[in-house]
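Before any comments, here is the structure.
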Amino acid sequence: SKLQVKLNNIYQFVDASDVLSLKNKVNDCQKLIEGKTGKGSDFLGWVTLPAEITDDQLKSIEKVANELRSKSEFVVVVGIGGSYLGAKAVIEALGNSFSMLDNGGTKVLFAGNSICEDYHAELLKLLDKHTYSIVVISKSGTTTEPAIAFRLLKQHLEGKVGKTEAASRIVAITDQSKGALRKLADTEGYRTFVIPDDVGGRYSVLTPVGLLPIAIAGFDIRQLVEGARQAMTDTSVGVPFEQNPACQYAAARNVLYAKGKKVEIMVNYTPKLHYITEWWKQLYGESEGKENKGIFPAGVDFTTDLHSMGQYIQEGERFIFETVVSVEKPSHTLNIPNDPENLDQLNFLTGKRLSEVNHMAELGTIVAHNDGGVPCIQISIPELSAFWIGYLLYFFERACAISGYLLDVNPFDQPGVEAYKKNMFALLGKPGFEDEGKALRKRLGI
Ligand code: PA5
């Protein structure tokens, strides 16, 4: 069993030889990645991260996770972007769809991934009635959204259990020495985990940023890392282009992009993968969307969205391609029952598993979308397990770096995310931003 990348359903739109023609370029990108000689090479720590995580590091993450679990009904994970999406994606992919409604076990909640007043007010209200701990994550230590949420939560927890107990229930994950969060953690005596300098936010899921919340949620981080290790081997520079899933995927999407397919829609057939798509959107959008270049990453959940976005994909503007991520084996078995009345006329499905119906929906949709002019890359993993999710995450990271280099951008920076922050601060009257604030208010007529 392995992760497979199938390209048959793009070959009505591009030639296999087009994909193959990128072989040398892709190999050059692979050398830039492993030799650390390409753009943004200070941020390539994620490449060998899975092999470098030690047993001691995993043990210390598990120890803190178990301790927080033992004394908390909820653990609130505060973070945004790369300090949020990896953990959220893995927890949703591996968890029971209804775990929030059962009574047992510590639940992981998220905060600081928006500035929504209602969300945070409702969260504090919930936490009034429950025991909880906080994991606050920020690499820079200065990001506004998590900083606001953490202010609220810190004061709430201190008010509830006192300053000393609160300090023992707060864990900070941040830079080794820089940033406001590091200073705060050192001053207050919080336990901390370090985000390595050479691992950027969106590539940080296999650092404590992802591993601690995932362990708190009760999942096997050792299997997750093991899967990533296997992916690291299978996508390394020594694995030939034809057998290397990351090279195949990176090449195929870039050939499609060159043919005018500027939007890539990630498709899943299980809602459990919804946040994997969100994680992937951040990874690819932030890595490639710069210098007026880059595929726009979008996402849909099928068959749900076949009843909404399906129409556009079938017959709208033809600038899209799909990347379908499928899971070969479900974790449960559920057969469709016979109904003697057969009023819905579905007795021809009697005894079939839901997964078989889902699979036929998938195959039928790929052909329909192909007929409608939409190329389709297919990626499959054997099952939704910690191992295969770890594998999938590393595979996407590797393919993203290759893709970014094929596009000749720096896949590891994000200069564009600063623009909104400057304007927001100016509008809010941050000292030093007075002139910008005045000009903006005039422009906005406020
Ligand atoms: O990928 C990135 O670098 C960003 O999305 C960051 O993860 C996000 O902005 C949060 O940054 P920080 O961890 O510094 O608070």
Side-chain angles (χ1 to χ4, degrees), residues 39-47 49 76-90 110-116 120 134-154 170-185 190 192-214 275-290 294 297 299 393-394 396-401 403-404 409-425:
K39 290 182 178 173
S41 57
D42 288 349
F43 285 93
L44 283 165
W46 58 271
V47 177
L49 188 67
V76 185
V77 176
V78 181
I80 196 164
S83 294
Y84 155 61
L85 281 164
K88 175 77 174 167
V90 175
F110 292 90
N113 53 1
S114 75
I115 324 174
C116 177
H120 289 90
I134 302 170
V135 176
V136 53
I137 310 175
S138 179
K139 184 173 190 221
S140 64
T142 54
T143 307
T144 312
E145 291 89 340
I148 291 173
F150 184 59
R151 252 190 199 217
L152 290 165
L153 286 157
K154 177 179 184 288
I170 296 173
V171 177
I173 307 179
T174 189
D175 186 87
Q176 177 133 28
S177 52
K178 294 188 299 286
L181 181 57
R182 164 55 60 191
K183 211 166 154 206
L184 187 66
Y190 302 151
T192 61
F193 287 96
V194 170
I195 309 174
D197 274 348
D198 57 358
V199 180
R202 57 190 175 276
Y203 292 84
S204 69
V205 58
L206 296 165
T207 72
V209 170
L211 297 180
L212 182 63
I214 293 164
Y275 278 94
I276 293 283
T277 300
E278 294 303 306
W279 172 85
W280 168 88
K281 275 162 61 181
Q282 187 209 356
L283 180 63
Y284 280 74
E286 231 171 36
S287 298
E288 293 190 310
K290 49 198 70 159
L393 296 175
Y394 186 90
F396 276 132
E397 288 178 354
R398 185 72 180 218
C400 184
S403 278
V409 296
N410 175 355
F412 310 112
D413 67 0
Q414 54 283 330
V417 300
E418 296 308 316
Y420 97 91
K421 293 184 192 168
K422 205 167 77 357
N423 290 349
M424 176 178 74
F425 289 141

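Order of appearance sets the numbers: ligands from 1, and atoms from 1 within every ligand.
Remark: the backbone N or O of Asp413 is not paired with any side-chain donor or acceptor of Lys39 at under 3.5 angstrom. Counting only distance, with no hydrogens or angles, the side chain of Tyr203 and the backbone of Glu397 share no donor-acceptor pair below 3.5 Å. Checked by atom type and distance alone, the side chain of Lys290 pairs as donor or acceptor with a backbone atom of Asn410 at under 3.5 Å.
A donor-acceptor pair shorter than 3.5 Å can be found between the side chains of Gln414 and Arg202.
The aromatic rings of Trp46 and Tyr394 are tilted relative to each other, their planes meeting at an angle between 30° and 60°.
Counting only heavy atoms from C-beta outward, the side chains of Phe193 and Thr207 never approach each other to under 4.5 Å.
Contact residues for ligand 1 (protein heavy atom closer than 4.0 angstrom to any ligand atom): Ile80, Gly81, Gly82, Ser83, Ser138, Lys139, Ser140, Thr143, Gly201, Arg202, Gln282, Glu286, Gln414.
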